[in-house]
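All chains are named by letter (A, B, ...) in the order of the sequence lines, taking the proteins before the strands, and each is independently numbered beginning at 1.
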Protein chains: 2
Amino acid sequence: MMEHLPDKLPKLTKNQNLVMGVLSKVDHPMSAYAILDSLKGNGLRAPLQVYRALERLEMLGLVHRIECMNAFVACRHDATKDDSMVAFIICNSCGDVKEVSDNSVEVGLHNVTKKAGFILQKPTIELQGLCRSCR
Amino acid sequence: MMEHLPDKLPKLTKNQNLVMGVLSKVDHPMSAYAILDSLKGNGLRAPLQVYRALERLEMLGLVHRIECMNAFVACRHDATKDDSMVAFIICNSCGDVKEVSDNSVEVGLHNVTKKAGFILQKPTIELQGLCRSCR
DNA sequence: TTATAAATGTTATAATATTACATTTAGACT
DNA sequence: AGTCTAAATGTAATATTATAACATTTATAA
Ligand SMILES: [Zn+2]
Ligand SMILES: [Zn+2]
Ligand SMILES: [Zn+2]
Ligand SMILES: [Zn+2]
């Protein structure tokens with residue numbers, strides 16, 4: 001779907017690196033304030049510093065925002081090889097969040113947007129339910 | 001997809017009717033606080049009254065929450081005849097929000113969840129971009 | 001009637017996000 | 001190196017969205 005990714009990633013700035021570092025070390029989404037807490041005394045003091053870094057990281061495709069959780073997660077799909085549309089599978093029981101991509105989802109959304117004469121810029125696909133081990 | 005809808009809608013309570021009344025009269029999503037403002041002096045005084053009504057209306061399938069806007073919109077698809085999965089098309093330019101449904105989207109999501117062994121309970125599909133008249 | 005669940009009213013507070021403004025840093029270009 | 005400019009940063013204040021806690025009232029049904 002011709003994604004956001006620049007050909008080459010620019011070097012990250014200090015704050016962007018701090019935030020990316022935190023998100024990379026965990027496998028679940030974190031709220032901006034949780035990120036901030038984990039960086040207090042480590043350079044960051046105010047929410048805005050986190051929100052600004054997140055905004056940039058999201059633009060670069062390194063971080064995704066999970067709308068239904070008001071939280072942010074490091075990108076886990078290989079965006080350099082696979083730029084297809086992405087969905088999140090969110091377990092309501094154990095809280096596990098997985099990033100997945102599937103061509104048939106893309107086809108479906110393409111149908112819907114085409115029918116509406118709509119130019120898709122930013123799809124949000126968040127699937128809440130029960131994961132394999134919780135169901 | 002075997003939806004949320006009860007066979008018969010229960011009679012709405014006073015607050016639920018007030019909130020539903022506001023959302024029905026407009027064709028765009030409103031924040032909980034915007035709803036509250038429009039009902040001040042009309043019975044409602046506090047945010048919680050609105051949030052509680054919205055929670056119930058959402059369960060009944062009469063209202064949808066738009067996650068990427070933190071806002072709520074009256075359901076516009078005929079839920080009595082069509083209980084297929086729903087997506088929202090959101091124009092970044094004019095702010096127009098349309099509720100649409102398309103079987104191929106449902107097929108796509110079914111593929112993805114099946115592959116993951118996931119039981120889907122609540123899909124969120126929000127497509128931001130440019131509508132026909134804004135593109 | 002009486003028990004029960006649902007809905008309501010109210011206050012306070014938590015959690016998430018942005019505005020405004022001053023300052024510093026990093027690159028690009030003489 | 002010196003100068004210019006855009007980007008990033010620092011900080012405080014504030015706006016927006018959402019929930020916790022608790023008392024009371026209303027609807028429903030045994
Ligand atoms: Zn990704
Ligand atoms: Zn699970
Ligand atoms: Zn609907
Ligand atoms: Zn438009």
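- Per the geometry, CG belonging to B:L36 stands 13 Å off C1' belonging to C:dT10, to the nearest Å.
- By the neighbour-count criterion of 12 heavy atoms within 6.0 Å, atom NZ of B:K122 is densely surrounded, having more than that number from other residues, nucleotides or ligands.
- For A:R76, the CZ atom counts as densely surrounded, since its 6.0 Å shell holds more than 12 non-hydrogen atoms of other residues, nucleotides or ligands.
- Atom CG in A:D37 sits roughly 13 Å away from atom C1' in C:dA14 (whole-Å rounding).
- For B:K14, no side-chain nitrogen or oxygen approaches OP1 or OP2 of C:dA6 to under 4.0 Å.
- Picking from D:dA12, C:dT10, D:dT9 the nucleotide with the shortest atom distance to the side chain of A:L48 gives D:dA12.
- If you take CG of A:N17 and C1' of D:dA8, they are 13 Å apart, rounded to a whole angstrom.
- Considering only side-chain N and O atoms, B:R65 lies under 4.0 angstrom from the phosphate OP1 or OP2 of D:dA18.
- For the pair B:E55 CD and C:dA6 C1', the interatomic distance rounds to 12 Å; values are reported in whole Å.
- Atom CG in A:L57 sits roughly 11 Å away from atom P in D:dA8 (whole-Å rounding).
- Distance from the side chain of B:Y51 is smallest for D:dT19 among the nucleotides C:dA7, C:dT18, D:dT19.
- You'll find that the side chain of B:L44 is closest to C:dG9, out of C:dG9, C:dA17, D:dA18.
- For the pair B:I35 CD1 and D:dT17 P, the interatomic distance rounds to 11 Å; values are reported in whole Å.
- For A:Y33 and C:dT16, the shortest distance from a side-chain N or O to OP1 or OP2 is not below 4.0 Å.
- Following rounding to the nearest Å, B:M69 (CE) and C:dT18 (P) show an atom-to-atom distance of 13 Å.
- OP1 or OP2 of C:dA17 sits under 4.0 Å from a side-chain N or O of A:N70.
- Atom P of nucleotide C:dT11 and atom CZ of B:R45 are separated by 9 Å, given to the nearest angstrom.
- Residue contacts for B:R52: at a heavy-atom cut-off of 4.0 Å it reaches a base atom on one of the strands shown.
- Aromatic rings from B:F88 and B:H64 are positioned such that their centres are separated by under 6.0 Å.
- Taking both residues in full, the closest heavy atoms of B:S104 and A:G108 are given as OG-CA, 3.4 Å, listed atom of the first, atom of the second, then distance.
- The residue B:K11 sits apart from the nucleic acid: no heavy atom pair falls under 4.0 Å.
- Applying the 4.0 Å criterion to OP1 and OP2 of C:dG9, one finds that B:N15 has a side-chain N or O inside that range.
- A salt bridge does not link A:R56 with A:E58: none of the charged nitrogens is closer than 4.0 Å to a carboxylate oxygen.
- A sub-4.0 Å separation between OP1 or OP2 of C:dG9 and a side-chain N or O of B:Q49 is present.
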Verdict with reasoning, B:D96 to B:H28, per side chain to side chain contact (heavy atoms under 4.5 Å, CB included):
CA-CA 7 Å; B:D96 186 50; B:H28 56 268; over 6 Å; no

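- The phosphate of D:dT17 has OP1 or OP2 within less than 4.0 Å of a side-chain N or O from B:S31.
- Contact annotation: B:T13 does not reach the phosphate of D:dA27 (side-chain N/O to OP1 or OP2, under 4.0 Å).
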